[in-house]
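Structure, as structure tokens:
Just so you know, ligand 1 is whichever comes first in the structure, and atom 1 is the first atom listed for that ligand.
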Amino acid sequence: MTNSAVTASAAPLDVVIVGGGFGGMYATYKFREMGLKIQSFEAGDGLGGVWYWNRYPGARVDLPSIDYSFAFSPEIDQEWTWSEEFAAQPELLDYINFVADRLDLRKHFRFNTRIASAVWDEATQLWTLTTSTGEAIVTRYCVMATGPLSVPKTPDIKGYEKFRGEAYMAGKWPHQPVSYAGKRVGVIGTGSTGIQIVQEVGPQAGELFVFQRTPSFTMPMRNKKLSPDYVAEVKRNYPGLRASARLSAVGGLRPQSTRAFFSVPPETRRVLLEDAWNLGGLCMLGTFSDLLVNAEANEHVAEFIREKIGEVVKDPVVAEKLKPRGYPVFARRPCLDTSYYETYNLPNVHLMDCIEDPIQEITEKGVRLASGEVELDMIIFATGYDGLTGALLAFDVIGRNGQNLRDKWADGPKSMLGLGMAGFPNFFTTVGPNGPSALANIIHINENDVDWIARAITYMDDNGLCAMEPTPEAEARWMDQVREMAGRSLVSKAKTWYVGANIEGKPQGLTIYTGGFAKYVESCEAAAQGNFAVYSFTPRRAVAAE
Ligand code: NA7
């Protein structure tokens, strides 16, 4: 038993919040301000979620920081000043800690504590959560702000625990500085994480060996310091910027176009793509309206990027290996880099093509490829995450009639709006696997979701109701819509964590809502209409009568 006063024998809490990332922080603030009795839990020793854990070299957000920040507080918007267009992890963590201090959030969190199970009790209409330390907590509502990328995937490489040198997981980076100087360093994985690490470690390491299985498309970030004039302008216009972000597909101010690719002549297309390349960030994605649905248009953009790779990388053989083929651009998370391709021009950086020469195993001394062993002093695993569902399925969640969430999701996650599930009353998720998730600004999805849950709780409290869940029919209609849109999207056409392809045995398929942030917000609004007409409720008196 820990030193907490909150135990199963105490009066039930109103809300238990799980997760200390952006979602859990905002939920803690929101529900506290509503006067609810809350307790928040976080597995780490501090707040920040993914930005607490991911301290790997070069970790940086790929959305502009003025968007990738809380929108709910005009005061914080004025008080905090971003130094760069795309903030690096230390600045993001500073911001998180600033917000935590400003709102006095830490006192509500129990750190270094995981939730080990959550069980619904039909008789009392309450959840009992058990922590990793064996403590039981009873609560009316669960809000799982556990994040779509919080469970690093255990590398599925034979012998990975045998390595005798320094081994690091990108998603569990040590808090102490790591030195690469003079060392033979291996990086396994070339997604967004591997790309950020390679460009940072390449110039510092004695030798860097990049083990690439699938090359990613990456575009220039063109990050810059924000000038005082620009910051002042942003602060003057923040209310409008926040409102526009809410009406956009990505939850941010990225340019968007209504112009279809083939509606403009080839020479104009070229100029537009060059402009987007030079502007940097994810501008390329917004250049034409149909890049995620028109495979031919998409291939033109993919070829444009391949040409750029060929222009930067001096060795034509290496350039060819770095050019992604066989899947649409933007179907894997598009990466933003500062000098990724340039790094391969350094004499100490070596691309190991693991399609041609697959990894056989990790040995005590390094990585054994089909062609032989590469001896290393350090291996960095940038091998990704058990995305979307990993954190929610890491423990038993038992809903109505003893149903385990793992069984409900045996064929893939199913929920209403990524916010809650039929059969799991009062169990809410933020940035759940059937909302826009990784395809939009996660902070703004979190805020939308927490606000929606707050509205639902207020409605229940005002109307003598004690439990709610979506009707199975409403949930099925939402999932039909998610599937139908996913079927049209090119995002489903690559083997990525988006579709569960990176974890053996995981159900396959795109379960993320691809309709964009603004439409998602509209759908949440529609679901709350008519007194949450597509939800079923249990009146409080029905429980009192038990
Ligand atoms: P990703 O995008 O899932 O990338 C993981 C990388 O690791 C990817 O290149 C994988 O190659 C590679 N990988 C994984 N397992 C292996 C094995 N066994 N052998 C060789 N290579 C392997 O994760 P990230 O952390 O980079 O990015 C996650 C998200 O964070 C990103 O989408 C942004 O939203 C931010 P594969 O593709 O499987 O061939």
Side-chain angles (χ1 to χ4, degrees), residues 21 49-51 53-63 68 86 89 92 147-161 168-173 186-200 209-219 221 250 282 285 321-322 324-327 330-337 340 351-362 367-370 374 379-388 390 431 436-443 445 491 493-504 506 508 510 512:
V50 106
W51 299 110
W53 297 103
N54 280 258
R55 296 160 190 252
Y56 64 79
R60 190 177 286 283
V61 66
D62 61 3
L63 294 179
Y68 191 79
F86 297 93
Q89 180 270 342
L92 283 157
L149 280 174
S150 51
V151 180
K153 162 183 142 170
T154 307
D156 49 359
I157 307 174
K158 191 177 148 201
Y160 96 95
E161 68 293 336
Y168 301 109
M169 294 281 292
K172 286 185 190 166
W173 200 261
V187 173
I188 303 182
T190 51
S192 306
T193 304
I195 283 172
Q196 291 189 328
I197 293 171
V198 164
Q199 64 191 10
E200 190 74 16
F209 298 83
V210 184
F211 297 89
Q212 170 190 274
R213 193 162 59 184
T214 308
S216 298
F217 288 95
T218 165
M219 291 161 284
M221 179 176 263
V250 292
L282 286 172
L285 182 54
K321 289 179 192 296
L322 286 167
R325 297 191 190 277
Y327 68 90
F330 309 120
R332 284 161 79 89
R333 174 82 170 194
C335 311
L336 300 181
D337 71 281
Y340 180 65
L351 181 66
M352 315 307 284
D353 181 345
C354 300
I355 303 265
E356 203 176 86
D357 190 5
I359 296 179
Q360 307 288 300
E361 62 175 332
I362 307 285
V367 174
R368 189 188 309 285
L369 298 170
V374 181
I379 301 180
I380 300 174
F381 293 95
T383 41
Y385 295 83
D386 184 356
L388 303 174
V431 192
S437 188
L439 302 180
N441 183 332
I442 277 182
I443 302 180
I445 304 171
V491 174
K493 303 281 186 286
K495 290 185 176 164
T496 63
W497 65 269
Y498 289 166
V499 299
N502 66 331
I503 306 273
E504 209 187 322
K506 204 167 169 170
Q508 305 288 294
L510 184 63
I512 304 177

Set of ring-ring contact (aromatic ring centres under 6.0 Å, His included) partners for W53, sequence neighbours left out: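 With sequence neighbours excluded, W53 shows a ring-ring contact (aromatic ring centres under 6.0 Å, His included) to no residue whatsoever.
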In a simple table, one pair per line, please give the protein and ligand 1 atom names for every N or O pair closer than 3.5 Å, along with the distance.
from: ligand 1; atom 1: 7 (O); to: A382; atom 2: O; distance (Å): 3.2
from: ligand 1; atom 1: 9 (O); to: T190; atom 2: N; distance (Å): 3.0
from: ligand 1; atom 1: 15 (N); to: K153; atom 2: NZ; distance (Å): 3.2
from: ligand 1; atom 1: 18 (N); to: D156; atom 2: OD1; distance (Å): 2.8
from: ligand 1; atom 1: 25 (O); to: T193; atom 2: OG1; distance (Å): 2.6
from: ligand 1; atom 1: 26 (O); to: S192; atom 2: N; distance (Å): 3.1
from: ligand 1; atom 1: 26 (O); to: T193; atom 2: N; distance (Å): 2.9
from: ligand 1; atom 1: 26 (O); to: T193; atom 2: OG1; distance (Å): 3.3
from: ligand 1; atom 1: 32 (O); to: W497; atom 2: NE1; distance (Å): 2.9
from: ligand 1; atom 1: 34 (O); to: R333; atom 2: NE; distance (Å): 3.4
from: ligand 1; atom 1: 37 (O); to: T214; atom 2: OG1; distance (Å): 3.4
from: ligand 1; atom 1: 37 (O); to: R332; atom 2: NH1; distance (Å): 2.9
from: ligand 1; atom 1: 37 (O); to: R332; atom 2: NH2; distance (Å): 3.3
from: ligand 1; atom 1: 38 (O); to: R213; atom 2: NH2; distance (Å): 2.8
from: ligand 1; atom 1: 39 (O); to: R213; atom 2: NE; distance (Å): 2.9
from: ligand 1; atom 1: 39 (O); to: T214; atom 2: OG1; distance (Å): 2.5

Counting only heavy atoms not in K493, do more than 12 sit closer than 6.0 Å to its NZ atom?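 Above 12, so yes.
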Greater than 12 external heavy atoms within 6.0 Å of E504's CD: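 Incorrect, the count does not exceed 12.
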Are V367 and M352 close enough that some pair of their side-chain heavy atoms sits under 4.5 Å apart?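 Answer no - side chains too far apart.
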Set of residues satisfying side chain to side chain donor-acceptor pair (under 3.5 Å) with respect to Q212, sequence neighbours excluded: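 So Q212 forms no side chain to side chain donor-acceptor pair (under 3.5 Å) with any residue.
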Please enumerate all residues that pass salt bridge (Lys or Arg N to Asp or Glu O under 4.0 Å) together with R60, with sequence neighbours excluded.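 Residues passing salt bridge (Lys or Arg N to Asp or Glu O under 4.0 Å) with R60: E84.
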